[in-house]
**Student:** 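Got a structure for you, questions after.
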Amino acid sequence: MSCIAYAVQSLQRFLWSMPMLVILLGTHIYFTVRLHVIQRKIPQGIRLSVMGTDQSRKKGDAPREDRECRGGNVSPFSALATSLAATIGTGNIIGISTAVAIGGPGAVFWCWITGVLGIATCYAECYLSVRYRMIQEDGTYRGGPMYVMEHVLHQKSAAVLFAFSVILVSLGMGSSVQSHSIAAAVLEQKEMSSQVIGITAALLTGIVILGGAKQIAAICTWLVPFMSLFYLSGCFLLIWLNRDVLPEALWAILHSAFSSRSVVGGAAGTAVMTGIRAGISRGLFTNEAGLGSIPMAAASAHTGSPRQQGLVSMTGTFWDTVVMCAITGIAVVSSMVKSPELFCHASPDRLCFLAFSQLDGLFQNGVSGLRIPGGFSVDGSLVLSAALVLFAFATIIGWNFYGECAVRYLWGSKGLRQYHILYISAVYLGAVLSLDLVWTMSDLFNSFMAIPNLLCLWMLREVVIKER
């Protein structure tokens, strides 16, 4: 087993080494330039996600290819919420603090830049999947990079590799790893059997996913905004408490991004290249732009235009990395600036917990004249643990949807029952087993998704650019 683990880890390190990061970042930059900085249309994408894409045109204004795309399974916002459920996860919390620990405060800046640039790639891949999606006998649409690879590029083998990789990633990173995170967050607060946690997570997962894609979208539509606002409220409270050192924290982030000198005590490895690599890799892994997962949710949307759904879907990268990761990073770095002694010997995965511990007792004795009746006070560790549970469970739901898309492509609906059994079992096993190898294998199969998807994007780049 050790030989297998070593081989998998070696292959994973090779595929996710600097060349892969350069290819992904290069793709982001290319589409940003060729699409004339489509990031400027983020406000339009947010508006379309709320009001619906069909309402943005007068009747008869849409081109023929757009009018043929009005079918679909869920609303544009539900499709966006489903993709956000899968992408907004523990990586936004633990991942960004780990990047700060490894690469210094400057990693926050490079993660943010990567997210901004990734918006263009997300638009491109979602545009293609909506434009070339397939209509089913029941009138619904199925789409994603695998359909584009097979029916447009006639690369069946690449499509099959992509679909198989989606299934394996969903069973690893999408379910097992997330339920392991749920168990860790619960055990942080209370001693209990990990088997009980696993059974509970598996039952809740089964209740949601057995209701079908529309129920998944419905749950994600209210869960994603709620959990995001809950977590961001904690971050904003933390930033408010650290408001006196906020300018110094922002300067630390900018200075560390371009300087090899350490500007904050307790951060390891603050050389410029280390910070760039840590920030870029975390940004790429967190927002999934270029991975090929988000387009599968986009293709299920009831939309009036591939372009408009591309605008809606690219806001997911904005919310995930540009907003969530940036605010998390600012909250953590400002805490490090204010209380550097707390972080001197902390392990990377504990930085967020240490930062949120500064919320302990908030409002108990009143803050700036504000007192909550009934002796209410905040438990920072509990707030963070609850956010981790919500984020991880949302990722489980979102990645099940991606896995279902891949199963339908390979075997049709007849393979869904077996997949659901495997998926629910993986949720249980993730809570009770050690998952170091699963993490590595998930990263490996992520690369098996990214490589054919990026090739697909480059081969069809002129199609995207022509219809910008």
**Student:** Measure across Ser334 and Asn242 and return the closest heavy-atom pair with its distance rounded to 0.1 Å.
**Tutor:**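 Scanning both residues completely, I find the closest heavy atoms to be OG-ND2, 3.1 Å.
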
**Student:** Give a yes-or-no answer on whether the side chains of Thr328 and Tyr231 include a donor-acceptor pair shorter than 3.5 Å.
**Tutor:**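 The answer is yes; a qualifying pair exists.
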
**Student:** Look only at the side chain of Gln178 and the backbone of Phe393, and say whether a donor-acceptor pair between them is shorter than 3.5 Å.
**Tutor:**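 Such a contact is absent between Gln178 side chain and Phe393 backbone.
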
**Student:** Using every non-hydrogen atom in the two residues, find where Ser83 and Tyr402 come nearest and quote the distance to one decimal.
**Tutor:**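 Taking Ser83 first and Tyr402 second, the nearest heavy atoms are CA-OH, 3.2 Å.
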
**Student:** What distance separates Phe230 CZ from Leu223 CG, expressed to the nearest 0.5 Å?
**Tutor:**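 Answer for the CZ-CG pair, Phe230 versus Leu223, is 12.0 Å.
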
**Student:** Between atom CG of Leu35 and atom CZ of Arg40, what is the distance when rounded to the nearest 0.5 Å?
**Tutor:**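 Between atom CG of Leu35 and atom CZ of Arg40 there are 9.0 Å.
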
**Student:** Answer yes if the side chains of Thr315 and Ser49 hold a donor-acceptor pair under 3.5 Å, and no otherwise.
**Tutor:**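 No - no donor-acceptor pair under 3.5 Å links their side chains.
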
**Student:** Identify the heavy atoms of Cys235 and Ala331 that sit nearest to each other, and give their distance.
**Tutor:**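 Result for this residue pair: O-CB, 4.2 Å.
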
**Student:** Under 3.5 Å, is there a donor-acceptor pair between the side chain of Ser181 and the main chain of Val177?
**Tutor:**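 Confirmed, Ser181 side chain pairs with Val177 backbone.
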
**Student:** Are side-chain heavy atoms of Trp222 and Ile219 found at a separation under 4.5 Å?
**Tutor:**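 Contact flag for Trp222/Ile219 side chains = yes.
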
**Student:** Under a 4.5 Å cut-off applied to non-hydrogen side-chain atoms, are Val100 and Val333 in contact?
**Tutor:**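 Yes, at least one pair of side-chain atoms sits under 4.5 Å.
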
**Student:** Does a side-chain heavy-atom distance below 4.5 Å link Tyr123 with Ile119?
**Tutor:**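 Answer no - side chains too far apart.
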
**Student:** For a quick test of reading the model, state the closest non-hydrogen atom pair linking Ala326 to Val108 and the distance between them.
**Tutor:**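 Looking at all heavy atoms of both residues, the shortest contact is O-CG1, 4.3 Å.
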
**Student:** With heavy-atom distances below 4.5 Å as the criterion, would you say the side chains of Leu354 and Met336 are in contact?
**Tutor:**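 In short, these two side chains do not touch, never coming nearer than 4.5 Å.
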
**Student:** State the CG-CG distance between Leu128 and Leu457, to the nearest 0.5 angstrom.
**Tutor:**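 Reported value, rounded in 0.5 Å steps: 6.0 Å.
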
**Student:** Between Arg461 and Tyr30, is any pair of side-chain heavy atoms under 4.5 Å apart?
**Tutor:**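 Heavy-atom side-chain distance check passes, below 4.5 Å.
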
**Student:** Rounded to the nearest 0.5 Å, how far apart are CD1 of Ile216 and CD1 of Ile397?
**Tutor:**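 With rounding to 0.5 Å, CD1 (Ile216) is 7.5 Å from CD1 (Ile397).
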
**Student:** Hydrogens and angles aside, do Gln189 and Ser385 bring a side-chain donor and acceptor to less than 3.5 Å of each other?
**Tutor:**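 Yes, because at least one side-chain N or O of Gln189 sits under 3.5 Å from a partner of the opposite role on Ser385.
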
**Student:** Check whether any side-chain heavy atom of Ser233 sits under 4.5 Å from a side-chain heavy atom of Leu237, and report yes or no.
**Tutor:**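 No; the side chains remain at least 4.5 Å from each other.
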
**Student:** What class does the angle between the rings of Tyr423 and Tyr419 fall in, given that below 30° is parallel, 30 to 60° is tilted and above 60° is perpendicular?
**Tutor:**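 Rings of Tyr423 and Tyr419: tilted, 30 to 60°.
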
**Student:** Does any part of the side chain of Tyr428, heavy atoms only, come nearer than 4.5 Å to the side chain of Gln195, both counted from C-beta?
**Tutor:**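 Yes - at least one pair of side-chain heavy atoms lies under 4.5 Å apart.
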
**Student:** Side chain of Lys338, backbone of Leu241: donor and acceptor closer than 3.5 Å?
**Tutor:**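 Indeed, once roles are kept as given, a pair shorter than 3.5 Å links the two residues.
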
**Student:** For the side chain of His28 and the backbone of Thr121, is there at least one donor-acceptor N/O pair under 3.5 Å apart?
**Tutor:**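 No, the answer is negative, given that no donor and acceptor are paired below the 3.5 Å cut-off.
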
**Student:** State, to 0.1 Å, how close Cys111 and Cys325 come at their nearest heavy-atom pair, and which atoms those are.
**Tutor:**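 Closest pair (atom of Cys111, atom of Cys325, distance): SG-CB, 4.0 Å.
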
**Student:** Look up atom CD1 in Ile207 and atom CD in Gln215, then write down how far apart they are to the nearest 0.5 Å.
**Tutor:**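 It comes to 9.0 Å.
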
**Student:** Work out which heavy atom in Gly290 is nearest to a heavy atom in Leu24; give both atom names and the distance.
**Tutor:**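 Closest heavy-atom pair between Gly290 and Leu24: CA-CD2, 4.3 Å.
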
**Student:** Heavy-atom distance under 4.5 Å between the side chains of Ser293 and Val166, does that happen here?
**Tutor:**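 Result no, sub-4.5 Å side-chain heavy-atom pair not found.
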
**Student:** Working note: Trp112 + Thr321, criterion side chain to side chain contact (heavy atoms under 4.5 Å, CB included); need CA distance, chi angles, decisive distance, verdict.
**Tutor:** CA-CA 6 Å; Trp112 186 82; Thr321 308; 5.9 Å; no

**Student:** Under a 3.5 Å threshold, yes or no: a donor from one side chain and an acceptor from the other, between Ser313 and Gln309?
**Tutor:**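 Looking only at side-chain atoms, Gln309 and Ser313 do form a donor-acceptor pair, the distance falling under 3.5 Å.
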
**Student:** Taking everything shown except Phe226 itself, do over 12 heavy atoms lie less than 6.0 Å from its CZ?
**Tutor:**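 At most 12 heavy atoms, drawn from other residues, nucleotides or ligands, come within 6.0 Å of this atom.
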
**Student:** With a 3.5 Å distance limit and no angle check, can you tell me whether Asn400 reaches the backbone of Ile209 through a side-chain donor-acceptor pair?
**Tutor:**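 Judged by distance alone, no pair lies under 3.5 Å.
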
**Student:** Any chance you could measure Leu384, atom CG, to Ser97, atom OG, to the nearest 0.5 Å?
**Tutor:**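 Output value for this atom pair is 8.5 Å.
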
**Student:** Check the pair Met146, Cys405 against side chain to side chain contact (heavy atoms under 4.5 Å, CB included), reporting the backbone distance first and the verdict last.
**Tutor:** CA-CA 10 Å; Met146 54 278 200; Cys405 291; 4.1 Å; yes

**Student:** One pair to check against side chain to side chain contact (heavy atoms under 4.5 Å, CB included): Ser170 and Trp399. What are the steps and the verdict?
**Tutor:** CA-CA 5 Å; Ser170 74; Trp399 266 96; 3.9 Å; yes

**Student:** Evaluate the ring planes of Phe31 and Trp458, with Trp represented by its six-membered ring, and classify them as parallel (under 30°), tilted (30 to 60°) or perpendicular (over 60°).
**Tutor:**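 It falls in the tilted class, 30° to 60°.
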
**Student:** Report the C-alpha distance between Ser179 and Ser175 in whole Å, list the side-chain angles of each, state the deciding distance to 0.1 Å, and finish with yes or no for side chain to side chain contact (heavy atoms under 4.5 Å, CB included).
**Tutor:** CA-CA 6 Å; Ser179 62; Ser175 56; 6.0 Å; no

